[in-house]
Number of protein chains: 2
Amino acid sequence: MESSCQVDTALEILVGKWKHKILFQLINHDVMRFNELKRAIPGITQKMLTSQLRELEQNDIIQRQVYPQIPPKVEYSMTPYGESLKPLLDAMHSWGSNHIKHLDQLFPQTNEQ
Amino acid sequence: MESSCQVDTALEILVGKWKHKILFQLINHDVMRFNELKRAIPGITQKMLTSQLRELEQNDIIQRQVYPQIPPKVEYSMTPYGESLKPLLDAMHSWGSNHIKHLDQLFPQTNEQ
DNA sequence: CGGCATCCATGACGATACTG
DNA sequence: CAGTATCGTCATGGATGCCG
């Protein structure tokens, strides 16, 4: 286990343009259905939502509960283990917010989105 | 300043397959020259190293010191502000390491690299 | 030594249509 | 409702060559 950089491991869970947004929703809502997530994350396509959910599920970050009925019903929620990501996400959010301010001090003119 | 997700901001500093490896080196070495970094990060190309260093510099994470001499000498180091990333990187590394173990418990057979 | 310019491969991501 | 399948696009990253 080369300890050089398990940062990659953590990053792989979070990058992808959508994963952390999905997690943000699930952390704050406990349980959400597929379309509920889709509605909550503007711009995401079914394809992306599906694939990202699958990856998060495979990493035991979220869990998927299927109700075999018509119409189908699928619920997503954080796993207990997945909750361990919250402090990290909070820390990143916090650092990110501060970074915006920092850049603002450095370049007062520019407006970074 | 929509607070929905400044996680992106933090991620943008760290993703890119190389940025956090560069930071890892600079955090542990104080000052490094261009080729020193290149040697320390197996597989990286000049192009990538250059571009990533530029981006980190623009975000005030690292600083670049040029010595106008022949042959050229350029030194890179963390900025004081850049040091504020260290706790975050440590937390990510720590979580990542633990995640490897966690996956190992879930899927004892598989060997994730 | 420390770059920059150019070209190219890959895969992440998006748009759209179809299905149980 | 919650997907799968297919196709297209574009940014990221890689290989190579030239330069002060």
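Computation of the quantities below employed the complete heavy-atom set of this structure, encompassing side-chain atoms and omitting hydrogens, waters and symmetry-equivalent molecules. Numbered from 1 within each chain, the chains take letters A, B, ... in sequence-line order.
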Taking [atom1] from [X] and [atom2] from [N], how many angstroms apart are they, rounded to a whole number?
| X | N | atom1 | atom2 | answer |
| --- | --- | --- | --- | --- |
| W18(B) | dG13(D) | CH2 | C1' | 9 Å |
| Q65(B) | dG3(C) | CD | C1' | 17 Å |
| L53(A) | dT4(D) | CG | C1' | 15 Å |
| L49(A) | dG14(C) | CG | C1' | 14 Å |
| E57(B) | dG2(C) | CD | P | 15 Å |
| I70(A) | dG3(D) | CD1 | P | 13 Å |
| K38(A) | dG14(C) | NZ | P | 11 Å |
| I44(A) | dA15(C) | CD1 | C1' | 14 Å |

Consider the side chain of [X], meaning its heavy atoms from C-beta on, and name the nucleotide among [options] that approaches it most closely.
| X | options | answer |
| --- | --- | --- |
| F34(B) | dC1(C), dG3(C), dG3(D) | dG3(C) |
| K47(A) | dG13(D), dG3(C), dG14(C) | dG14(C) |
| T45(B) | dG14(C), dA15(D), dG3(D) | dA15(D) |
| M48(A) | dC1(D), dG14(C), dT16(C) | dG14(C) |
| N35(B) | dA2(D), dC1(C), dT16(D) | dC1(C) |

query: L23(B) versus L14(B): any side-chain heavy-atom pair under 4.5 Å?
result: yes
query: Within the structure shown, what part of the strands sits under 4.0 Å from K17(A) by heavy-atom distance: base, sugar-phosphate, or nothing?
result: sugar-phosphate
task: Could you check whether Y76(A) gets within reach of a base, just the sugar-phosphate, or nothing at all, counting any heavy atom under 4.0 Å?
output: sugar-phosphate
task: If the plane angle is over 60° it's perpendicular, under 30° parallel, otherwise tilted; pick one for Y76(A) and F34(A).
output: tilted
message: In this structure, is the centre-to-centre distance between the rings of F24(B) and H93(B) below 6.0 Å?
response: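 Aromatic pair excluded; centres sit 6.0 Å or further apart.
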task: Answer yes or no: does a side-chain N or O of R33(A) lie under 4.0 Å from OP1 or OP2 of dC1(D)?
output: no
- request: Please determine if a side-chain N or O atom of R54(A) lies less than 4.0 Å away from the OP1 or OP2 oxygen of dG3(D).
  value: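 Yes.
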- request: For side chain to side chain contact (heavy atoms under 4.5 Å, CB included), just list the numbers for T9(A) and L103(B), CA-CA rounded to whole Å, side-chain angles, deciding distance to a tenth of an Å, and then say yes or no.
  value: CA-CA 11 Å; T9(A) 308; L103(B) 288 182; 5.9 Å; no
- request: Please report the C-alpha distance between D8(B) and H20(A) in whole Å, then the side-chain angles of each, then the deciding distance to 0.1 Å, and finally whether the side chain to side chain donor-acceptor pair (under 3.5 Å) criterion is met.
  value: CA-CA 8 Å; D8(B) 304 77; H20(A) 60 282; 3.1 Å; yes
- request: Between Q52(A) and P71(A), just flag the one whose closest nucleotide in DNA chain C comes earlier from the 5' side.
  value: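 Looking at the nearest nucleotide for each, Q52(A) comes out on the 5' side.
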- prompt: In terms of hydrophobic clusters joined by side-chain contacts under 4.5 Å, are L53(A) and L89(A) together?
  reply: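 Yes, L53(A) and L89(A) fall within the same hydrophobic cluster.
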query: To 10°, what angle do the rotation axes through the five end pairs on each side of the helix from dC1(C)-dG20(D) to dG20(C)-dC1(D) form?
result: 50°
message: Please give me the minimum heavy-atom distance between K86(A) and I27(A), naming the atom from each residue.
response: CE-CG2, 3.5 Å
field: Q46(B) vs V15(B), nearer the 5' end of DNA chain D by closest nucleotide
entry: V15(B)
query: Taking 4.0 angstrom as the limit, do K73(B) and E75(B) come out as a salt bridge?
result: yes
